[in-house]
Amino acid sequence: MDSSSRTAAAMRRALVMALACALALALCGAYAARAQTIGAQTTSAQTTGEKPSAGAAPKSDLGKADLGKADLAKPAPNAGAADATPARPKLPRDRRVQLDAMFEALRLAPDDDTASALGSRIEAMFAQSGSPSADLLMSRAEAAAQAKEYDLALELLGTVIDTHPDFLAARSRRATIYYLQDDYASALVDVGEVLTREPRHYSMLLGLSLIMREVGDDTHALEAARRALAVNPHLTAAKDIETELKVKVEGRDI
């Protein structure tokens, strides 16, 4: 590798690391805000006697639950944003309550089969665009991705995202394709957008962990894996990353 290539590679790595650090800081704020919201709901419920709505513990597609890099070809904050409050999509109240309940059930799932079934239901909710034209473009993008026509898939997904910016399935699928192309900087931007809108999106947390591990940021890779496990304790790939990196990052217990 010549000098100019080495310089370009170093600059690209520096950009990825800067995006990753910014995203990690933004996530800390988002989870703190989420915890405050849940606490406020609980306090209100205790005062009024009402039952609080279910929430997730603080803390594929890069959208499937158990994924290694090969699996990413299957269905899949602005990274520099420091805002602590996630800009969640404006879902109908009954759908939001249903999603909250499913995330809580996932957190408490007693076994892998139950967690897998709940994860599939959550992914199905994320895949509901509410637009026939968006659904058609998504199906064409998926066909292009399966054929490894990634440029076409990215173009189609970009069109969907331009018109439906809160459609998480499109953003998570695009993040997956960027990841497959080793374009980690672009993948991190979409991962950040998804997590800003839905901090409990455990597949994107796992995707963040995978990217951090690949660029050598083991500390943030471990943190992201643990955040994914706080949402879905049965996420095998996140368990594997935690096992792999725990001693490396924290050392052995004395």
Side-chain angles (χ1 to χ4, degrees), residues 27-28 30-42 45-46 50-72 74-76 86 88-89 91-128 167-169 171-173 175-176 191 194-213 220-246:
L27 280 175
C28 288
Y31 278 102
R34 175 67 178 159
Q36 289 173 358
T37 299
I38 293 172
Q41 290 174 343
T42 302
Q46 290 172 342
E50 295 178 356
K51 184 177 180 181
S53 61
K59 359 197 190 332
S60 212
D61 282 276
L62 292 165
K64 288 290 181 183
D66 289 336
L67 47 86
K69 189 162 183 177
D71 296 319
L72 293 173
K74 303 289 184 181
R88 305 177 75 187
L91 298 177
R93 184 179 181 280
D94 58 344
R95 186 178 171 191
R96 171 58 62 192
V97 170
Q98 184 182 4
L99 187 61
D100 287 348
M102 284 194 290
F103 269 119
E104 181 66 4
L106 177 62
R107 185 177 70 86
L108 301 174
D111 53 56
D112 291 347
D113 289 342
T114 303
S116 178
L118 287 164
S120 295
R121 290 177 62 189
I122 290 170
E123 287 175 15
M125 289 194 71
F126 287 150
Q128 294 173 8
F167 186 22
L168 300 189
R171 288 190 180 276
S172 62
R173 191 65 180 117
T176 298
V191 167
V194 172
L195 292 175
T196 296
R197 289 165 169 79
E198 180 48 79
R200 301 167 298 184
H201 200 300
Y202 58 88
S203 293
M204 286 292 96
L205 287 166
L206 178 56
L208 175 61
S209 181
L210 289 168
I211 293 172
M212 294 299 88
R213 184 178 62 174
H220 283 135
L222 178 60
E223 179 185 358
R226 285 174 170 168
R227 290 184 185 277
L229 288 171
V231 180
N232 181 1
H234 295 271
L235 195 58
T236 302
K239 290 180 184 178
D240 292 343
I241 292 174
E242 183 183 34
T243 299
E244 174 191 339
L245 297 181
K246 181 178 179 180

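Worth saying up front: this structure is predicted, and the values here are computed from it rather than measured.
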_With side-chain contact (heavy atoms from CB on, under 4.5 Å) as the criterion, how do Asn232 and Leu118 come out once you've worked through the C-alpha distance, each side chain's angles and the decisive distance to 0.1 Å?_
CA-CA 10 Å; Asn232 181 1; Leu118 287 164; over 6 Å; no
*Apply the test salt bridge (charged side-chain N to carboxylate O under 4.0 Å, His left out) to residues Arg173 and Glu123: give CA-CA distance (whole Å), side-chain angles for both, the deciding distance (0.1 Å), then the verdict.*
CA-CA 12 Å; Arg173 191 65 180 117; Glu123 287 175 15; over 6 Å; no
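- Annotation: side chain of Arg121 is in contact with side chain of Gln98 (closest heavy-atom distance under 4.5 Å).
- Under the 4.0 Å criterion applied to side-chain N and carboxylate O atoms, Glu104 and Arg107 are assigned as salt-bridge partners.
- Shortest non-hydrogen contact noted between Leu195 and His201 is CD2-O, 3.7 Å.
- A salt bridge links Glu198 with Arg96: the distance from a Lys NZ or Arg NE/NH1/NH2 to an Asp or Glu carboxylate oxygen falls below 4.0 Å.
- In this structure, Tyr202 and Ala228 approach most closely via the heavy-atom pair O-CB, 3.8 Å.
- Between the NE2 atom in His220 and the CG atom in Leu245 there is a gap of 13.0 Å [rounded to 0.5 Å].
- The two residues Val191 and Ala175 make their nearest non-hydrogen contact at CG2-CB, 4.1 Å.
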*Tell me, with the steps shown, if Arg197 and Met204 meet side-chain contact (heavy atoms from CB on, under 4.5 Å).*
CA-CA 11 Å; Arg197 289 165 169 79; Met204 286 292 96; over 6 Å; no
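- Interatomic distance, OG of Ser209 versus CD of Glu244, reported as 9.0 Å (0.5 Å rounding).
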*asked:* If you apply the rule side-chain contact (heavy atoms from CB on, under 4.5 Å), what do you find for Met212 with Leu208, and how did you get there?
replied: CA-CA 6 Å; Met212 294 299 88; Leu208 175 61; 4.0 Å; yes
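- The heavy-atom pair separating Pro199 from Leu205 by the smallest distance is O-CD1, 3.7 Å.
- His234 places a side-chain N or O within donor-acceptor distance of the main-chain N or O of Ala109, the cut-off being under 3.5 Å.
- One side chain, Thr114 or Asp111, offers a donor N or O that lies under 3.5 Å from an acceptor on the other.
- Within the 4.5 Å cutoff, side-chain heavy atoms of Lys246 are placed close to those of Arg226.
- Across all non-hydrogen atoms, the minimal contact from Ala225 to Ile241 is CB-CG2, 3.9 Å.
- Taking the side chain as every heavy atom from C-beta outward, Leu229 and Lys239 approach each other to under 4.5 Å.
- At distances below 3.5 Å, not a single donor-acceptor pair connects side-chain atoms of Ser116 with backbone N or O atoms of Asp112.
- Atom OG in Ser203 sits 9.5 Å away from atom CD1 in Ile122 (nearest 0.5 Å).
- Not one N or O on the side chain of Arg213 forms a donor-acceptor pair closer than 3.5 Å with the backbone of Leu222.
- Between Phe126 and Phe103, the ring-plane angle classifies as tilted under the 30° and 60° cut-offs.
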